[in-house]
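Below: one structure, written as structure tokens.
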Amino acid sequence: QVQVVESGGGLVQPGGSLRLSCVASGISSDYYAIGWFRQAPGKEEYEGVLCFSNIDGSTSYGDSVKGRFTISRGNAKNTVLLQMNSLKPDDTAVYYCAVSLLLCGSRWHVANRMDYWGKGTLVSVSA
């Protein structure tokens, strides 16, 4: 059974940095993608932050985070690290890590394409 666990959220000042991690266990194949999504306070929709295809390392980024957020592989298997720099108050949200058993593709930002979800971690950007 696939399980997804995020960690690393917290409170940070505008302009600061934060790193989130995601561990996806129970995946038997290298053919999968990890997506990060976020849900801002008071909003129902999930915004696609980025999508990382494990098989080749290719990554798609949402326009609002390009140039500020990057993803890398962690040391442990099936672990990724989301580095968030130059954080803004608009980045405040619950951040979710999700796994798709398909690669990212052009519709990577569509939340219901993901198969497994973590419980989320809160990131608050405030002075």
Side-chain angles (χ1 to χ4, degrees):
Q1 183 178 357
V2 176
Q3 292 187 324
V4 183
V5 179
E6 315 92 336
S7 62
L11 175 64
V12 63
Q13 292 186 339
S17 298
L18 206 59
R19 190 172 69 178
L20 307 182
S21 68
C22 173
V23 180
S25 60
I27 301 177
S28 58
S29 168
D30 289 332
Y31 195 88
Y32 66 91
I34 288 182
W36 280 97
F37 293 80
R38 64 187 183 184
Q39 186 179 38
K43 293 191 176 181
E44 292 187 359
E45 64 273 15
Y46 292 85
E47 178 189 1
V49 175
L50 62 82
C51 187
F52 172 83
S53 292
N54 180 69
I55 196 70
D56 62 4
S58 61
T59 307
S60 299
Y61 290 91
D63 289 341
S64 62
V65 305
K66 279 181 183 175
R68 300 189 298 125
F69 290 13
T70 56
I71 194 164
S72 61
R73 297 182 190 272
N75 290 330
K77 184 178 173 61
N78 296 344
T79 300
V80 295
L81 306 174
L82 175 61
Q83 180 66 41
M84 305 184 295
N85 298 328
S86 302
L87 284 162
K88 308 172 183 179
D90 284 349
D91 294 318
T92 295
V94 177
Y95 283 70
Y96 295 90
C97 182
V99 169
S100 169
L101 300 182
L102 300 174
L103 298 186
C104 295
S106 62
R107 300 181 69 237
W108 65 269
H109 56 283
V110 178
N112 62 17
R113 292 186 72 244
M114 309 308 285
D115 298 298
Y116 303 95
W117 288 77
K119 294 182 179 180
T121 184
L122 177 62
V123 173
S124 296
V125 184
S126 175

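No experiment lies behind these values; they were computed from the predicted model shown.
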Item checked: Side chain proximity check, Tyr32 to Asp115, heavy atoms < 4.5 angstrom -> no
Check: Which value, rounded to the nearest 0.5 Å, describes the distance between Leu101 atom CG and Arg113 atom CZ?
Finding: 11.0 Å
Notebook entry, point to check: Closest approach of Ser29 and Ile27, non-hydrogen atoms and distance?
Noted result: O-CG2, 3.2 Å
Note to self: Please find the pair of heavy atoms, one from Tyr61 and one from Lys66, that lie closest to each other, and give the distance.
What the structure shows: O-CE, 3.3 Å
Check: For Asp30, what residues pass the side chain to side chain contact (heavy atoms under 4.5 Å, CB included) criterion, not counting sequence neighbours?
Finding: Asn54, Ile55, Lys77
Item checked: Tyr46: ring pair (Phe, Tyr, Trp, His ring centres under 6.0 Å) partners, not counting sequence neighbours -> Tyr96, Trp117
Note to self: Within this structure, what is the CG-OG distance for the pair Asp90 and Ser64, rounded to the nearest 0.5 Å?
What the structure shows: 9.0 Å
Check: How long is the span from the CE atom in Met84 to the CG atom in Leu18, to the nearest 0.5 Å?
Finding: 4.5 Å
Margin query: Testing the basics here: between Glu6 and Tyr95, what is the closest heavy-atom pair and its distance to 0.1 Å?
Written below: OE2-O, 4.0 Å
Next item on the list: List for me each residue that meets side chain to side chain contact (heavy atoms under 4.5 Å, CB included) alongside Cys51, sequence neighbours excluded, and say none if there are none.
Entry: Ala33, Cys104, Trp108
Item checked: Euclidean distance, Ile34 CD1 relative to Arg73 CZ, rounded to 0.5 Å -> 9.0 Å
Indicate every side-chain donor-acceptor pair of residues 119-127 with a distance under 3.5 Å to a residue at least two apart or in another chain.
| unit_1 | atom_1 | unit_2 | atom_2 | d |
| --- | --- | --- | --- | --- |
| Thr121 | OG1 | Gly9 | N | 3.1 |

Notebook entry, point to check: Are any of the side-chain heavy atoms of Asn112 and Val110 separated by less than 4.5 Å?
Noted result: yes
Checklist line | Pairs involving residues 7-28, ordered by first then second residue, that meet side chain to side chain donor-acceptor pair (under 3.5 Å) (sequence neighbours left out) | finding: Ser7-Ser21, Ser17-Asn85
Checklist line | Pair listing, salt bridge (charged side-chain N to carboxylate O under 4.0 Å, His left out) test, anchored in residues 38-54, at least two apart | finding: Arg38-Glu47, Arg38-Asp91
Next item on the list: State plainly whether one hydrophobic cluster holds both Val23 and Val80, where clusters connect Ile, Leu, Val, Met, Phe, Trp and Tyr through side-chain heavy atoms under 4.5 angstrom apart.
Entry: no
Notebook entry, point to check: Say you draw a straight line from CZ of Phe52 to OG of Ser60; how long is it, rounded to the nearest 0.5 Å?
Noted result: 11.5 Å
Check: Do Ile71 and Trp36 come close enough that some side-chain heavy atom pair is under 4.5 Å?
Finding: yes
Next item on the list: Indicate, with yes or no, if Val49 and Val12 share a hydrophobic cluster defined by side-chain heavy-atom contacts under 4.5 Å among Ile, Leu, Val, Met, Phe, Trp and Tyr.
Entry: yes
Margin query: I need the minimum non-hydrogen distance between Ala24 and Val99, along with the two atoms involved.
Written below: CB-CG2, 3.7 Å
Margin query: When you group the ILVMFWY residues by side-chain heavy-atom contacts below 4.5 Å and let the links chain together, are Met114 and Val94 in the same group?
Written below: yes
Check: Does Tyr116 belong to the same Ile/Leu/Val/Met/Phe/Trp/Tyr cluster as Leu20, with side-chain heavy atoms less than 4.5 Å apart forming each link?
Finding: yes
Notebook entry, point to check: If we only count heavy atoms from C-beta on, is the Leu87 to Phe69 side-chain gap below 4.5 Å?
Noted result: yes
